[in-house]
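What follows is a short report on a single structure.
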2 protein chains.
Amino acid sequence: MSVQDEKTLPMGMFMDLQRSGPIPLYFQVSQRIEKAILSGELPAGSRLENEVALGQRLGLSRPTVRRAIQEIVDKGLLVRRRGIGTQVVHGQVTRKVELTSLYDDLTNTHKVPSTHLLTLESQPADAKTAERLGVAEGNPTLHLRRVRLADDVPVAVMENWLPEEFIGIEPNDLVAHGLYQVLRSRGVTMRVARQHIGARKSTIEESALLEIEKNSALLTMDRTAFDNSGRAVEFGQHCYRPDLYSFEVTLVEK
Amino acid sequence: MSVQDEKTLPMGMFMDLQRSGPIPLYFQVSQRIEKAILSGELPAGSRLENEVALGQRLGLSRPTVRRAIQEIVDKGLLVRRRGIGTQVVHGQVTRKVELTSLYDDLTNTHKVPSTHLLTLESQPADAKTAERLGVAEGNPTLHLRRVRLADDVPVAVMENWLPEEFIGIEPNDLVAHGLYQVLRSRGVTMRVARQHIGARKSTIEESALLEIEKNSALLTMDRTAFDNSGRAVEFGQHCYRPDLYSFEVTLVEK
DNA sequence: TTTGGCCAGTTGTCATGACAATATCACGTC
DNA sequence: GACGTGATATTGTCATGACAACTGGCCAAA
């Protein structure tokens, strides 16, 4: 008795690959496959065409096809088995967490984000901040504290510390664009972030800011983010209203 | 002025590669590099030897070396920059989250795990369970509810549902080994898990089970896990004492 | 009927080679 | 001295080829 649905594979439409454009071929292929999965064209449990045949049909080498498939495996949508083939994972698909800011998350879900800026000041680094940012204790840092709102409902209180060089950031930019957008516009590209997710009770001040009753449960997230040169560019302590925000994580065993 | 420390690279000891063993070469290399980073031999900000030279020195091809490095980049320990090289990320290194059970997490931190089994029964799937497990509503499932303890202190209350075929699981196994170990011993290998992390207040019963005051904040995690054939093998709703447990996540932008 | 082995299919690993894109640095010119 | 420009170094992408390891089913033998 076969354990899995052994559906055949449709996947007829795979023509328009730009070989000369700036978009890598493996990326074009992986996007098309992912789209086919999300749209239901490749149903859960169905088998993908094997790597060699797919490559031949698309006029691509096996490493290129393989990398395209691997991208989707890493997202948790496909599962490979040696000797068997590649299959679509069962279960409803959920979007995976990426290295984004709350601002991006909200706009992606069609909410209107806004910001109340509580604090924007230069502040000498205390021991914890210094360690997280990799600077000397007492060095100046940019300290900011914000309330983030979605459709005018408060969602989170965020406190961030940034290295000295960002001290010139304008309050108006922060209110209009969100921190990560401001950093991007200054040429900073985030590459790695280490997050710590927990929970605790709200303080009286936080309860007021978030418009919840005091001693409510809060979802907390500490984050240190690094740019593409491996330097820490942001350290933040955030707390979220758990009825309005939560984290999704997809884990893939290798 | 150079932005980063441009230390040279030591990395002298790279001899003993087993070319005929079952361990892939890229894995042997990546483990050695990772060890060198963790041990401080490759300090934060230092540059790694370039891919071509490293490959030549080890007698390996560039794709192999490249894959070894990529493994570590995916873990968030290294950062690559085209035209520059590969550098060690700044900041203290933290363990990344993997697809493990609480049981593994506790033993890894040298705590003694134990389990109070509250419920172990066959139960027809309700709508939510059926959807998560990908079975028909009303189908029998194995329902279990446990309190997990570390050094005899309650850490979490976990409620899980498993597909019909696991109904024969022994209570003794669950108390002695933890759910994931039991599943592994039955030939199930977890491959993908989708987790949802949030927070809420504790119920009166949960407060008693976890030995905390009522209306405390709880850290919650819902998880659906899939095996290597893409089939859902576990759906769980867990809640943790936030003073004893939290989640670490490392995100890498691609 | 059951058992064992062989064979075909598929992914996993590795080598070699080539060119493209990007960042740094030295150099020369204005 | 400032600026552009080219040379150099390094990672990013892609092709081709080969063999290994694992799975499943078919088939013959016990």
Side-chain angles (χ1 to χ4, degrees), chain A residues 1-6 8-9 17-30 46-74 78-87 187 189 191 227-230 253-254, chain B residues 1-6 8-9 17-30 46-74 78-87 187 189 191 227-230 253-254:
Chain A
M1 173 178 52
S2 123
V3 188
Q4 285 306 129
D5 326 333
E6 297 288 349
T8 58
L9 49 125
L17 293 177
Q18 316 178 26
R19 294 195 76 91
S20 57
I23 305 142
L25 290 171
Y26 74 86
F27 188 75
Q28 297 182 44
V29 174
S30 73
S46 64
R47 274 181 44 192
L48 200 65
E49 190 172 1
N50 79 70
E51 294 171 354
V52 183
L54 186 55
Q56 208 157 20
R57 195 159 62 78
L58 300 181
L60 296 175
S61 69
R62 192 179 156 211
T64 304
V65 173
R66 192 171 164 73
R67 173 154 187 192
I69 295 177
Q70 190 60 46
E71 295 275 321
I72 309 174
V73 171
D74 290 339
L78 288 177
V79 169
R80 324 180 84 135
R81 277 192 294 171
R82 179 187 295 198
I84 303 294
T86 307
Q87 291 177 310
T189 55
R191 220 39 176 290
D227 69 0
N228 57 6
S229 73
E253 185 79 6
K254 292 197 177 170
Chain B
M1 173 178 53
S2 118
V3 188
Q4 285 308 130
D5 326 334
E6 300 286 350
T8 58
L9 48 126
L17 293 177
Q18 315 177 25
R19 294 195 76 89
S20 58
I23 306 141
L25 290 170
Y26 75 87
F27 188 75
Q28 297 182 44
V29 174
S30 74
S46 64
R47 271 181 46 192
L48 199 64
E49 190 172 1
N50 77 70
E51 296 170 355
V52 184
L54 186 55
Q56 209 157 19
R57 195 159 61 80
L58 300 181
L60 297 175
S61 70
R62 193 180 157 210
T64 303
V65 173
R66 192 172 165 72
R67 174 155 185 192
I69 295 176
Q70 190 60 45
E71 295 275 322
I72 309 174
V73 170
D74 290 338
L78 289 177
V79 170
R80 326 180 81 134
R81 276 193 293 171
R82 178 186 296 196
I84 303 293
T86 307
Q87 290 178 310
T189 55
R191 222 36 178 289
D227 69 2
N228 57 5
S229 74
E253 185 81 5
K254 293 198 176 170

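So that the names make sense, note that chain A is the first sequence line, chain B the second, and so on, each numbered from 1. All of these numbers come straight from a predicted model, not from anything done at the bench.
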For A:Val65, does its backbone N or O pair with a side-chain atom of A:Glu51 as donor and acceptor, under 3.5 Å?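 No; judged by distance alone, with no hydrogens or angles, the pair does not exist.
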Answer yes or no: is there a donor N or O on one side and an acceptor on the other, between the side chain of B:Gln28 and the main chain of B:Gln18, under 3.5 Å?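 A pair under 3.5 Å: yes.
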When we call it a touch if two heavy atoms are under 4.0 Å apart, what does [X] touch: a base, just sugar-phosphate, or nothing?
X	result
B:Arg67	sugar-phosphate
B:Pro63	base
A:Gly55	nothing

Could you tell me how far apart [X] ([atom1]) and [N] ([atom2]) are, to the nearest whole angstrom?
X	N	atom1	atom2	result
B:Leu25	C:dT13	CG	P	10 Å
B:Gln70	C:dT13	CD	P	14 Å
A:Glu51	C:dT11	CD	P	5 Å
B:Arg81	D:dG12	CZ	P	12 Å
B:Leu54	D:dT11	CG	C1'	14 Å
B:Tyr26	C:dT11	OH	C1'	12 Å
B:Arg80	C:dA23	CZ	P	16 Å
B:Leu78	D:dT10	CG	C1'	15 Å

Is there a side chain to side chain donor-acceptor pair (under 3.5 Å) between A:Arg80 and A:Gln70 once you walk through the steps? CA-CA 9 Å; A:Arg80 324 180 84 135; A:Gln70 190 60 46; 2.6 Å; yes
Any side-chain N or O of B:Thr64 below 4.0 angstrom from OP1/OP2 of C:dA15?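 For C:dA15, OP1/OP2 do have a side-chain N/O of B:Thr64 under 4.0 Å.
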State whether A:Arg47 places a side-chain N or O below 4.0 Å from either non-bridging phosphate oxygen (OP1 or OP2) of C:dT10.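 The answer is yes; a side-chain N or O of A:Arg47 sits under 4.0 Å from OP1 or OP2.
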What's the closest nucleotide to the A:Arg66 side chain, out of D:dT13, C:dG12, C:dA15?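 For A:Arg66, the side-chain atoms sit closest to C:dG12.
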As a test of reading the structure: which of C:dC14, D:dT10, D:dA15 is closest to the side chain of B:Arg82, going by heavy atoms?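 Among C:dC14, D:dT10, D:dA15, the one nearest the side chain of B:Arg82 is D:dT10.
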B:Pro22 or A:Leu60, whichever maps to the more 5' nucleotide of DNA chain D: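 Checking each residue's closest nucleotide, the 5'-ward one belongs to A:Leu60.
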Given the structure, check if the side chain of A:Arg62 and the base of C:dG12 hold any donor-acceptor pair shorter than 3.5 Å.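 Pair found.
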Calculate, to the nearest 0.5 Å, the distance between atoms CZ and CD belonging to B:Arg57 and B:Glu49 respectively.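 The distance works out to 4.5 Å.
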